[in-house]
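One is the number of the first residue; the rest follow in order along the sequence. Keep in mind that what you see is a predicted model, and the values were worked out from it rather than measured.
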Amino acid sequence: MKYLLDTHAILWYLFDSENLSKTALEIINNEFCYYSKVSLWEIAIKQTRNLLQYKNSIQDIINACKEDEFEELFVSGNSLDLIKSLPDIHRDPFDRLLITMAQENDLTIVTKDSKIPLYNVKTIW
């Protein structure tokens, strides 16, 4: 199985692993995981608005993801088109895009977010 890391899963793994569930930590340590620049975009916006305690540069986070052997998953036009068919459950545009990316690539999202499992997408925490 392959996994897509939600934004908080990336941050917690890199900087606050005690916030991860035992299952999430085990998956991230032992399984093939993707990250997306969608998450990095979300981090940058939240940093600009002082909504995150993490002040690391985006490049530092990219380097850490690569060091931990996470593979970057790119946004496709199909993922963007799929957003139009999602029910209006989750208003977060970053999460909506991660959902469609996971759907398109048959990935399980590692997330604590309680709204993401309401979609037709596999999740684990």
Exercise. Counting only heavy atoms not in Gln59, do more than 12 sit closer than 6.0 Å to its CD atom?
Worked result: yes
Exercise. Around Lys122, counting heavy atoms of other residues, nucleotides and ligands shown, do more than 12 lie under 6.0 Å from its NZ?
Worked result: yes
Exercise. Rounded to the nearest 0.5 Å, how far apart are CG of Asp113 and OG1 of Thr123?
Worked result: 9.0 Å
Seminar exercise, completed: For Val121 and Ile116, the nearest pair of non-hydrogen atoms, with its separation, is CG1-O, 3.6 Å
For this session: Go through the steps for Phe15 and Gln53 under the test side chain to side chain contact (heavy atoms under 4.5 Å, CB included), then give the verdict.
Result: CA-CA 10 Å; Phe15 308 115; Gln53 65 183 15; over 6 Å; no
For this session: Take Tyr13 and Phe70, measure what side chain to side chain contact (heavy atoms under 4.5 Å, CB included) needs, and give me the verdict at the end.
Result: CA-CA 12 Å; Tyr13 181 76; Phe70 302 152; 3.7 Å; yes
For this session: Provide the closest heavy-atom pair for Asp92 versus Glu42 in the form atom of the first, atom of the second, distance.
Result: OD2-OE2, 3.7 Å
For this session: Spell out, yes or no, whether Leu14 and Ile28 are grouped together once hydrophobic residues are joined by side-chain heavy atoms under 4.5 Å, including indirect joins.
Result: yes
For this session: Spell out, yes or no, whether Met1 and Leu25 are grouped together once hydrophobic residues are joined by side-chain heavy atoms under 4.5 Å, including indirect joins.
Result: yes
Exercise. Are any of the side-chain nitrogens in Asp106 or Lys2 under 4.0 Å away from the carboxylate oxygens of its partner?
Worked result: no
Problem set entry | Stepwise side-chain hydrogen bond (donor to acceptor under 3.5 Å, both in side chains) test for Glu67 and Asn63 | CA-CA 6 Å; Glu67 197 173 294; Asn63 293 341; over 6 Å; no
Problem set entry | Heavy atoms of other groups near Lys22 NZ, more than 12 under 6.0 Å | no
Exercise. Between atom SG of Cys33 and atom CG of Leu73, what is the distance when rounded to the nearest 0.5 Å?
Worked result: 12.0 Å
Exercise. Quick one: do Ile45 and Ile10 end up in the same hydrophobic cluster if we chain Ile, Leu, Val, Met, Phe, Trp and Tyr together by side-chain heavy atoms under 4.5 Å apart?
Worked result: no
Exercise. Does Val75 belong to the same Ile/Leu/Val/Met/Phe/Trp/Tyr cluster as Leu40, with side-chain heavy atoms less than 4.5 Å apart forming each link?
Worked result: no
Seminar exercise, completed: Heavy-atom nearest pair, Leu97 first then Thr100, reads O-OG1, 3.0 Å
Exercise. If you take all heavy atoms of Leu82 and Glu104, which pair is closest and at what distance?
Worked result: CD1-CB, 4.1 Å
For this session: Count the heavy atoms of every other residue, nucleotide or ligand shown that sit under 6.0 Å from CG of Asn30, and state whether that count exceeds 12.
Result: yes
Exercise. Do you reckon Leu107 sits in the same ILVMFWY cluster as Leu5, going by side-chain contacts under 4.5 Å, direct or chained?
Worked result: no
Exercise. In this structure, are over 12 heavy atoms from other groups packed under 6.0 Å from Glu26 atom CD?
Worked result: no
Exercise. Residues in ring pair (Phe, Tyr, Trp, His ring centres under 6.0 Å) with Tyr119, at least two apart?
Worked result: none
Exercise. When you look at Met101 and Ile83, which way does the side chain to side chain contact (heavy atoms under 4.5 Å, CB included) test go after all the steps?
Worked result: CA-CA 9 Å; Met101 292 172 74; Ile83 288 175; over 6 Å; no
Seminar exercise, completed: Heavy atoms of Ile89 and Lys115 approach each other most closely as O-CD, 4.0 Å
Exercise. Are Phe94 and Asp6 close enough, and set up right, to give a side chain to side chain contact (heavy atoms under 4.5 Å, CB included), and what steps lead you there?
Worked result: CA-CA 9 Å; Phe94 305 105; Asp6 197 354; over 6 Å; no
For this session: Could you grab the distance from atom OH of Tyr35 to atom CD of Glu72, nearest 0.5 Å is fine?
Result: 4.0 Å
For this session: Flag yes if more than 12 heavy atoms outside Trp41 fall under 6.0 Å of its CH2 atom; otherwise flag no.
Result: no
For this session: With rounding to the nearest 0.5 Å, note down the distance linking NE2 in His8 to CG in Leu20.
Result: 8.0 Å
Exercise. Do the non-hydrogen side-chain atoms of Asp16 and Leu11 ever get within less than 4.5 Å of each other?
Worked result: no
Seminar exercise, completed: Between Gln47 and Ile58 the two heavy atoms that sit nearest each other are OE1-CD1, 4.1 Å
